[in-house]
Amino acid sequence: MISINDLLTRMVKECRPYCKTGKVASYIPELSAYDKNLLGIYLIRTDLREHFAGDSTAEFTMQSVSKVLILLAALIDTDLNRIKTKISFEPSHDGFNSIVNLETRDSHKPLNPFINSGAILSIGFSNGKTYEDKFCRILSLLHEITGNKNIGIHEGVYKSEKMTGSRNRALAYFMKSVGVLDGDVEEVLDAYFKICAIKVTVKELAQIAATLANRGISVSTGKRVFSPEAAQTVNAMMMLCGMYDESGSFAVSVGLPSKSGVGGGIMSVSPGKVGVGIYGPALNEKGSSIAGIELLKKLRNELDIGVF
């Protein structure tokens, strides 16, 4: 009988050619240097068995996958109803950095916590007197989930994002102008750029995903990190809008709550079963790993882990 590791190795081999059809993110200069042919996967089951294949030790930055951590910290530190006074929990058909809905909606509320405007606003709901404190709070949550306190940021990517983050500045300053965003805009953005630049491997993504699959109990430490209700909320948001404006087609083809990022990471959850971390920096036109999505399709079919 073929082992899970052998199965994953075969699937990575079959999906690696898709890397050639994608492009690495170039609007953040530091990311443009990454090797588009990399592809790795890590699985952690809720029974604690771990499996991996491909470029599973390659390091990359979380980028928008970190929005899961931002939302989790907000849900742990603040009542959900208070968050809903500033941020909606609805899917969007526009791009992740769109400003359109902020301008056209009467409330000027971001549509959800996983578009850039929503994530920037969500940072304010985590504990901390300053936004540097809030960044440290969100990073410490990752340490708590993984049991690894050595995780930090990629200084080069952080500085690159800060230098080129004009669209995020536009979003933040607009929210400030209409009274939605509190605090100093540049301090808020500095925290956001640092959070996006947190450096991980697919193992850390799988640890977060498996903890969500395990209803808030860390598979790495055995300790409860967040409530089952927080896990349910995050999983629901990932299913509805974790893959941005291709979330609907992704739900049909893959059927797993997932969150992608332009760094090439995808984190997927099969509740009660398994957490998945994937890295493939070659992106499709929507900004998600093109080979990673194909790998998830194969994984769903081979292991029958879809939620539908």
Side-chain angles (χ1 to χ4, degrees), residues 3-13 15-16 19 34-35 37-69 72 138-154 157 195-223 225-226 231 234-235 238 242 256-271 273-281 288-289 291-293 295-296 298-299 303 305:
S3 70
I4 299 296
N5 278 8
D6 289 341
L7 177 65
L8 294 180
T9 298
R10 174 175 63 78
M11 289 193 292
V12 167
K13 183 178 180 180
C15 291
R16 199 181 291 276
C19 297
Y34 280 65
D35 182 356
N37 295 306
L38 294 175
L39 184 61
I41 185 170
Y42 208 106
L43 269 65
I44 302 180
R45 297 170 178 253
T46 53
D47 63 8
L48 308 185
R49 287 182 290 172
E50 301 185 15
H51 311 281
F52 51 89
D55 300 300
S56 59
T57 60
E59 293 184 327
F60 57 97
T61 52
M62 293 186 75
Q63 299 302 319
S64 284
V65 182
S66 66
K67 292 171 181 174
V68 170
L69 294 175
L72 277 171
I138 291 164
L139 181 61
S140 70
L141 175 59
L142 179 57
H143 294 165
E144 190 176 0
I145 291 171
T146 62
N148 180 3
K149 294 184 177 182
N150 294 320
I151 299 171
I153 68 171
H154 188 298
V157 173
I195 294 165
C196 289
I198 293 173
K199 185 170 59 176
V200 294
T201 68
V202 287
K203 180 176 181 178
E204 284 77 48
L205 295 192
Q207 288 172 316
I208 302 168
T211 302
L212 285 164
N214 208 28
R215 296 174 60 79
I217 297 175
S218 169
V219 293
S220 302
T221 67
K223 297 179 181 178
V225 183
F226 47 85
V234 171
N235 285 337
M238 286 200 293
L256 290 172
S258 300
K259 186 73 198 77
S260 64
V262 297
I266 301 180
M267 183 177 70
S268 299
V269 178
S270 180
K273 296 180 180 179
V274 64
V276 183
I278 286 177
Y279 174 54
S288 298
S289 173
I293 290 176
L295 189 50
L296 281 168
K298 287 182 177 292
L299 189 69
L303 298 184
I305 57 172

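Numbers for residues simply follow the sequence, beginning at 1.
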List the steps and the verdict of side chain to side chain contact (heavy atoms under 4.5 Å, CB included) for Lys203 and Ser56.
-> CA-CA 7 Å; Lys203 180 176 181 178; Ser56 59; over 6 Å; no
Just jot down the side-chain hydrogen bond (donor to acceptor under 3.5 Å, both in side chains) partners of Thr221, sequence neighbours excluded, or say none.
-> Ser218
Are side-chain heavy atoms of Leu141 and Val225 found at a separation under 4.5 Å?
-> yes
Report yes if the side chains of Leu256 and Lys273 come closer than 4.5 Å at any heavy-atom pair, otherwise no.
-> no
Between Gly275 and Ala209 the two heavy atoms that sit nearest each other are CA-CB, 3.5 Å
Side-chain contact test, heavy atoms from C-beta onward, threshold under 4.5 Å: evaluate it for Thr46 versus Asn214 and give yes or no.
-> yes
Could you please spell out the steps behind the side chain to side chain contact (heavy atoms under 4.5 Å, CB included) verdict for Ile195 and Leu69?
-> CA-CA 9 Å; Ile195 294 165; Leu69 294 175; 5.7 Å; no
Check: Asn37 main-chain N/O paired with Arg16 side-chain donor or acceptor under 3.5 Å = yes
So, for Ala213 and Ser270, which heavy atoms are closest and what is the spacing to 0.1 Å?
-> CB-O, 3.6 Å
Separation between CG (Leu139) and CD1 (Ile153), nearest 0.5 Å, reads 8.5 Å
Scan Val234, Leu212, Val276 and name whichever one has a side-chain contact (heavy atoms from CB on, under 4.5 Å) with Val269.
-> Leu212
If you round to the nearest 0.5 Å, how far is OG of Ser288 from NZ of Lys259?
-> 7.0 Å
Hey, could you give me the CD1/OG distance between Ile293 and Ser258, rounded to the nearest 0.5 Å?
-> 9.0 Å
The reported gap from SG in Cys19 to CG in Leu39 (rounded to nearest 0.5 angstrom) is 5.0 Å
So, Asp47 and Arg49, do they make that salt bridge, N to O below 4.0 Å?
-> yes
Student check: side-chain heavy atoms of Leu8 and Tyr42 closer than 4.5 Å | no
Heavy-atom side-chain contact between Leu43 and Leu299 under 4.5 Å | yes
What's the verdict on side chain to side chain contact (heavy atoms under 4.5 Å, CB included) for Lys223 and Glu144, showing C-alpha distance, side-chain angles and the deciding distance?
-> CA-CA 9 Å; Lys223 297 179 181 178; Glu144 190 176 0; over 6 Å; no
Measuring from Gln207:CD to Thr201:OG1, what's the distance to the nearest 0.5 Å?
-> 7.5 Å
Shortest non-hydrogen contact from Pro257 toward Asn235 | CB-O, 3.4 Å
If we only count heavy atoms from C-beta on, is the Val200 to Phe60 side-chain gap below 4.5 Å?
-> yes
Phe52 to Asn5 - nearest heavy-atom pair and separation | N-OD1, 3.3 Å
How far apart are the closest heavy atoms of Ile4 and Leu303, and which atoms are they?
-> CD1-CD2, 3.9 Å
Nearest-0.5 Å distance that lies between atom CE in Met11 and atom CG in Leu296 | 9.5 Å
If every non-hydrogen atom of Ile151 is compared with every non-hydrogen atom of Leu142, which pair is closest and at what distance?
-> CG2-CD2, 3.7 Å
Report the C-alpha separation of Met62 and Met267 in whole Å, then their side-chain angles, then the decisive distance to 0.1 Å, and conclude whether the side chain to side chain contact (heavy atoms under 4.5 Å, CB included) test is met.
-> CA-CA 10 Å; Met62 293 186 75; Met267 183 177 70; 5.9 Å; no
Any side-chain heavy-atom pair from Gln63 and Val157 closer than 4.5 angstrom?
-> yes
